[in-house]
Amino acid sequence: MAERYEDSYLYKLRHSAAHLMAQAVQELYPGAKLSIGPPIENGFYYDIDFPAPLKEEDLAKIEKKMKELAKLDMRILRMEVARDDARAMILDETIPGMGTAVAEYKLQLLDAIAEDQVLSFYDQQRTDREGTLHRFIDLCRGPHVETTKEIKFFKLMTIAGAYWRGNVNNKQLTRIYGTAFETQEALDAHLYMLEEAKKRDHRLLGRELGLFMFSPRVGTGLPLWLPKGATLRQTMIEFLQQEQLKRGYEPVVTPHIASIKLYEKSGHIINYRDKMFPFMEDEEKETYILKPMNCPFHIEIYASQMRSYRDLPVRYAEFGTVHRYEQSGEVAGILRCRGFTQDDAHLFVTPDQLQSEFIGVVELMKAVLDKLGLTEFRVRVGTKDPLSDKYVGHDDNWTAATNAITEACDSIGLDYEISPGDAAFYGPKLDLIIKDALGREWQMGTVQVDYNLPERFDLEYIGDDGKPHRPVMIHRAPFGSLERMIGLLTEQYSGAFPFWLNPVQIAILPIADRHIQAAYDIAEALRGPGFKVGAVPADCAHYPAAALAGLGDLRYRVSIDDSRETLGKKIRETQRMKVPFMLIVGDNDIEAGTIGVRSREKGDLGAMTLQAFAAMLPK
RNA sequence: GCCGACAUAGCUCAGUGGUAGAGCAGCUGUUUUGUAAACAGCGGGUCGCGGGUUCGAGUCCUGUUGUCGGCUCCA
């Protein structure tokens, strides 16, 4: 069994590197107040309250100081102390880096440690050749490496603001991120990996592959979808629509704006206002809202007529475009934008149907993940934070909804973790979390159980007892949003989308101008009528009709490279665009009724007939 | 929104106070090509935007917008 990272030498090394950095900071910036400095997945950080703002160029200076200190070969000693002694030590003016002036955060940390916990400090010190004492003591659980001499291969990465204890209302401290490794090779490999990850960034690939763009004239976080990106979207939409039709969903379409009355009723105005675009007013002073969610519209449709228990479950699906005014610092390409399209649906079910419908939704999500080839994800069940008042609805409903989710997961054997505070304001939810190229986690698909909106809108169905009952709602989006899912898929595949999804599936490469007509003949056979035909030179031979026979009605997405370039150049460009298959057409092929096939992954596959090629294409 | 960084041609970047450059892309011409970049020529920039310092600003200062890395928040 693999050693846990938390138990590894590397973890200790990084923790000690964080201490070493703190010591360097203390010596360089007297008055800097330390707070916390843990190891993290790929390194470490330390949050520090600096007396003056820190610039990124200061990192080199701190790094240099760290190297000097490391060489002093300070032994790192653990000492366990009583609470009163700990307080005294933190306030001890005679110890470098301690004393009342800089004790603010350490005292708070001390107070937060439970009474029965052992309190420990780590102490490292040495007097250098000039007779100067270098000493650093930090309240810390440990463990650490034995001596600072072990800390050799490290790098300070970046500087960031971080709120004390993660609370926006607290002071923002300066966080320095760094990383450390056991060898120079491992450090170099890590830095190289980061460079490689940047090449998979969906923003870079999105531009190179012509999927989407942004324009400052359009606005922050508002993507423009280019033909290839839009084609990719439509392919995904068509796939999911088919899956949903099989499962009894019905399409609905709703507007982009609505009267504020709708959102007052839903609770969004109170609970979601800071995420909404500025309101609009018409001449009669009616206020309109640009919709941040689709649910209230679907609720109105449900409520528009009497519902019998025999009509339920009702499943309304819409690829609904919503707009949310994300803070400027948090928009990130199409992974986090201000206008995006959810693959949304709302299920109105009887309490008895909740469990099976929930399971049905989770199974749909699994089918979607499978089709998209996504295997690395975790499942989070977001529940109510008992300390927060941002939620609507009764506790009884919250408990019932949360139980429905966990029981459904248990019954189909889905591993999940509970995450208090990650619920929607109207109910608990199950989220799929996936990492991007840079290792950041994103919430993708989601399923949410909701007793509260049906209550707010007084939704009903007539039961078999002839009396009105309250339905339960399930909000669900298997992709989450098209934008985020496409951004993530772009990074997962480095832009080399699987055949069924790639906006261009087959590129036809005529070798010389006189082969262009044959290329169009082949394109039409593979793609069907309607292909946009460019200029064709005179005296251009057709592809032999016999070689096109028997292909059937094919509907592949095909492009032709009729540029006046060499074949090598065309191949290079097509490969760069990550097209799964290239068909090369020249004199030999027109003569023999073949095509030269080249695959994105396997290279040159040699000459074959179109029929043979069509037979080898993925389903 | 907050902390930090960046912004020069369509793209990637060079240019450390003294006449704005390269490669790729584009256009034109020649070449008509068999599995990852043919050759030559040409065009292209209010150096993100506004103020300031200076004899002189892409370069220094300042404000602002956009983007990037974090924090907080989320699909």
Side-chain angles (χ1 to χ4, degrees), chain A residues 45 47 50 53-59 157-177 194 198 201 203-204 207-208 214-217 219-221 272 274-275 292-293 320 322 324-337 340-344 382 421-422 424 429 431-434 438 440-446 448 475 477-485 487-488 509-516 537 564-576 582 584-589 595-599 603-607:
Chain A
Y45 69 81
D47 284 351
F50 281 88
L54 197 70
K55 299 274 185 203
E56 209 139 270
E57 61 200 55
D58 296 322
L59 293 183
M157 305 297 288
T158 181
I159 190 166
Y163 300 103
W164 169 235
R165 295 199 151 145
N167 186 334
V168 234
N169 299 316
N170 289 343
K171 179 158 189 187
Q172 192 167 52
L173 310 177
T174 302
R175 174 172 298 179
I176 304 174
Y177 282 96
L194 288 179
K198 280 186 196 161
D201 190 311
R203 289 165 293 203
L204 180 68
R207 184 175 61 232
E208 285 182 351
F214 291 91
S215 162
R217 274 189 290 275
T220 294
Y272 214 73
D274 58 338
K275 289 305 252 333
M293 291 187 188
V322 297
R324 299 181 184 175
Y325 196 79
E326 304 290 351
Q327 296 187 77
S328 58
E330 62 192 12
V331 298
I334 54 172
L335 288 179
R336 185 79 181 269
C337 47
F340 59 95
T341 301
Q342 296 180 307
D343 54 331
D344 214 354
D422 277 323
K429 57 181 186 161
D431 296 320
L432 294 174
I433 314 281
I434 306 184
L438 293 174
R440 298 176 295 201
E441 292 197 319
W442 297 93
Q443 179 185 323
M444 310 301 294
T446 183
Q448 309 172 357
H475 310 235
F479 296 150
S481 76
L482 285 165
E483 284 72 12
R484 185 168 284 182
M485 184 54 87
L488 204 113
L509 277 45
I511 289 176
D513 287 358
R514 64 179 178 279
H515 310 125
I516 288 178
R564 297 179 65 186
E565 295 288 351
T566 59
L567 179 62
K569 180 64 170 293
K570 289 180 180 180
I571 288 173
R572 184 182 157 86
E573 283 309 302
T574 311
Q575 192 76 27
R576 209 172 61 79
M582 296 175 221
I584 291 148
V585 192
D587 291 332
N588 303 344
D589 299 296
I595 31 128
V597 178
R598 187 183 169 93
S599 117
D604 188 1
L605 300 181

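Throughout, a chain's letter reflects where its sequence line sits, starting with A, and its residues are numbered from 1.
The side chain of A:Gln443 places an N or O atom within less than 4.0 Å of a non-bridging phosphate oxygen (OP1 or OP2) of B:rA75. A:Lys429 has a side-chain polar atom (N or O) that falls below the 4.0 Å cut-off from OP1 or OP2 of B:rA75. For B:rG69, the OP1/OP2 oxygens have a side-chain nitrogen or oxygen of A:Arg203 closer than 4.0 Å. OP1 and OP2 of B:rA75 both lie 4.0 Å or more from every side-chain N or O belonging to A:Thr446. At least one side-chain nitrogen or oxygen of A:Ser328 sits closer than 4.0 Å to the OP1 or OP2 atom of B:rG1. At B:rA36, none of the side-chain N or O atoms of A:Arg576 fall inside 4.0 Å of OP1 or OP2 (strictly under the cut-off).
In this structure, CZ of A:Arg217 is placed 12 Å from C1' of B:rG66, rounded to the nearest angstrom. Computed from coordinates, the A:Asp274 CG to B:rC74 C1' distance equals 11 Å when rounded to whole Å. One interatomic measurement links the two molecules: CD1 of A:Ile334 to P of B:rC68, which rounds to 12 Å at whole-angstrom precision. Atom pair A:Lys570:NZ and B:rU35:P shows a separation of 14 Å (rounding to whole Å applied). The interatomic distance linking A:Leu567 (CG) with B:rA38 (P) rounds to 10 Å, in whole Å. Taking atom CD1 of residue A:Ile516 and atom P of nucleotide B:rU33, one finds them 13 Å apart after rounding to whole Å. Atom-to-atom, CG of A:Leu482 to C1' of B:rA75 comes out at 11 Å; the value is rounded to the nearest Å. Nucleotide B:rA75 holds its P atom 7 Å from the NZ atom of A:Lys275, rounded to whole Å.
Within the nucleic acid shown, A:Glu56 comes within 4.0 Å of sugar-phosphate atoms alone, with no base atom in reach, counting heavy atoms only. Counting non-hydrogen atoms under 4.0 angstrom, A:Glu208 reaches nothing in the nucleic acid. In this structure, A:Gly568 reaches the sugar-phosphate backbone alone: every heavy-atom distance under 4.0 Å involves primed, P, OP1 or OP2 atoms, never a base. Within the 4.0 angstrom heavy-atom criterion, only backbone atoms of the sugar-phosphate kind lie near A:Gly166; the bases stay farther away. Using a 4.0 Å heavy-atom distance criterion, A:Tyr177 is classed as a sugar-phosphate-only contact. Note on A:Arg440: only backbone sugar-phosphate atoms sit closer than 4.0 angstrom, heavy atoms only; bases stay farther off. Looking at heavy-atom distances under 4.0 Å, A:Lys198 makes no contact with the nucleic acid at all. Residue A:Arg207 is classed as a sugar-phosphate contact, given heavy-atom separations below 4.0 Å to backbone atoms only. Base contact: A:Ala160 has a heavy atom under 4.0 Å from a base atom. Among the protein residues, A:Arg514 comes within range of the sugar-phosphate backbone only, with heavy atoms under 4.0 Å from sugar or phosphate atoms but none that close to a base. Residue contacts shown for A:Met444 are limited to sugar-phosphate atoms, with no base heavy atom under 4.0 Å away. Counting non-hydrogen atoms under 4.0 angstrom, A:Asp344 reaches nothing in the nucleic acid. A:Asp587 comes within contact range of at least one nucleobase, with a heavy-atom separation under 4.0 Å. No engagement by A:Thr574 is indicated, since no non-hydrogen atom pair under 4.0 Å with the nucleic acid exists.
The nucleotide whose nearest atom lies closest to any side-chain atom of A:Gln575 is, among B:rC71, B:rA36, B:rU35, B:rA36. When the nucleotides B:rU35, B:rA38, B:rA75 are ranked by their closest atom to the side chain of A:Ile571, B:rU35 comes out on top. For A:Thr158, the listed nucleotide lying nearest its side chain is B:rG69; candidates were B:rG34, B:rC73, B:rG69. The listed nucleotides are B:rA75, B:rU72, B:rG34; the one nearest the side chain of A:Tyr163 is B:rU72. Of the candidates B:rC74, B:rA36, B:rU32, the closest approach to any side-chain atom of A:Arg324 belongs to B:rC74. Of the candidates B:rG34, B:rC74, B:rA38, the closest approach to any side-chain atom of A:Thr566 belongs to B:rA38. In the set B:rU35, B:rG4, B:rA75, the nucleotide with an atom closest to the side chain of A:Cys337 is B:rA75.
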(request) Would you give a per-nucleotide map of nucleotides 24-31 of chain B, 5' to 3', where B means the base has a protein non-hydrogen atom under 4.0 Å away, S means only the sugar-phosphate does, and - means neither? (result) -S-----B
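With hydrogens and angles disregarded, no donor-acceptor distance shorter than 3.5 Å links the side chain of A:Asp431 to the backbone of A:Thr446. Looking at A:Arg598, its side chain never comes within 3.5 Å of a backbone N or O of A:Gly603 through a donor-acceptor pair.
Looking only at atom types and distance, the side chain of A:Lys275 has no donor-acceptor partner in the side chain of A:Gln327 under 3.5 Å away.
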(message) Determine whether A:Arg576 and A:Glu573 satisfy the following criterion, salt bridge (charged side-chain N to carboxylate O under 4.0 Å, His left out), listing intermediate values before the conclusion.
(response) CA-CA 5 Å; A:Arg576 209 172 61 79; A:Glu573 283 309 302; 3.2 Å; yes
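B:rA75 has no stacking from A:Trp442 on its base ring, since the centres under 5.5 angstrom apart and planes within 30 degrees of parallel are not both found.
The same atom, P, is picked in B:rG45 and in B:rU8; the two are 15 Å apart, to the nearest Å. With C1' as the reference atom, B:rC61 and B:rG70 are 27 Å apart, rounded to whole Å. B:rC71 and B:rA14 have their P atoms separated by 28 Å, with the value rounded to a whole Å. B:rA22 and B:rA9 are spaced 14 Å apart, taking the P atom of each and rounding to whole Å. When the C1' atom is compared between B:rG66 and B:rU31, the two are found 44 Å apart, to the nearest whole Å. When the P atom is compared between B:rC60 and B:rG23, the two are found 27 Å apart, to the nearest whole Å. Atom name P, nucleotides B:rA37 and B:rA25: the rounded distance is 12 Å, in whole Å. Here the separation of B:rG48 from B:rG58, taken at their P atoms, is 10 Å to the nearest Å.
Evaluation of atom-type donor-acceptor distances gives a pair under 3.5 Å for the side chain of A:Asp589 against the base of B:rG34. Below the 3.5 angstrom threshold, one finds a donor paired with an acceptor across the side chain of A:Arg484 and the base of B:rC74. Contact of A:Arg336 with B:rC73 (side chain to base): a donor-acceptor pair of N or O atoms is detected under 3.5 Å. Judged by distance alone, with hydrogens and angles left aside, A:Ser481 brings a side-chain donor or acceptor within reach of the base of B:rA75, the pair sitting under 3.5 Å. Between the side chain of A:Gln448 and the base of B:rA75 there is no donor-acceptor pair of N/O atoms closer than 3.5 Å.
Residue A:Tyr325 qualifies as open at atom OH: its count of foreign heavy atoms under 6.0 Å is 12 or below.
Each of A:Gln327 and A:Gly596 was matched to the nucleotide of RNA chain B holding its nearest heavy atom; the match closer to the 5' end belongs to A:Gln327. Across the interface with RNA chain B, nearest-nucleotide mapping of A:Val597 and A:Gly333 shows A:Val597 to be the residue nearer the 5′ end.
Expressed to the nearest 0.5 Å, how far OG1 of A:Thr574 lies from CD1 of A:Ile584 amounts to 8.5 Å.
Remark: A:Arg336 engages A:Glu330 in a salt bridge, criterion side-chain N to carboxylate O under 4.0 Å.
Scanning for ring pair (Phe, Tyr, Trp, His ring centres under 6.0 Å) contacts around A:His515 gives an empty result, with sequence neighbours left out.
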